[in-house]
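Single-structure report; data block below.
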Amino acid sequence: MNDLLLEHAAVTERIWFQHVLAVLYRHLGDVNLRFIYLLAIEDFARHAGHGDILDEQISHPVPPTADASERP
């Protein structure tokens, strides 16, 4: 039963991914595995960059400044 479920998930994922590529990148025509790898690396790098920003903000917080409305 587990093998059947895994096989179904793999087929579903492949069909979904092919559909997404066909819709989002239809202007490029057929895409190859290199394109898919580069797309995945680009997406991973973007999210890793967001993580770096959050880490920097947590590690070195900037003290709050007084708002103009709070000044005497």
Side-chain angles (χ1 to χ4, degrees):
M1 180 68 176
N2 241 358
D3 292 337
L4 183 61
L5 190 59
L6 289 174
E7 183 180 340
H8 176 71
V11 169
T12 303
E13 182 178 343
R14 186 188 53 184
I15 291 170
W16 177 85
F17 196 64
Q18 288 173 345
H19 174 72
V20 168
L21 286 175
V23 171
L24 293 178
Y25 300 102
R26 65 178 166 261
H27 62 281
L28 298 176
D30 290 339
V31 296
N32 57 18
L33 189 57
R34 180 177 180 268
F35 176 80
I36 294 170
Y37 283 152
L38 290 174
L39 191 66
I41 290 169
E42 177 187 275
D43 192 48
F44 180 80
R46 184 179 309 113
H47 291 297
H50 293 156
D52 289 344
I53 292 169
L54 290 173
D55 182 51
E56 183 71 25
Q57 289 177 345
I58 291 169
S59 299
H60 307 288
V62 176
T65 59
D67 212 12
S69 61
E70 296 177 4
R71 295 183 185 153

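With sequence neighbours left out, Val62 forms a side chain to side chain contact (heavy atoms under 4.5 Å, CB included) with no residue at all.
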List the atom pairs, donor and acceptor, that lie under 3.5 Å between side-chain atoms in residues 48-58 and the rest of the protein, sequence neighbours left out.
none

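Partner of His8 under the side chain to side chain contact (heavy atoms under 4.5 Å, CB included) criterion, chosen from Leu6, Val11, Thr12, Leu4: Thr12.
Identified under the salt bridge (charged side-chain N to carboxylate O under 4.0 Å, His left out) test for residues 39-48, with sequence neighbours left out: Glu42-Arg46, Asp43-Arg46.
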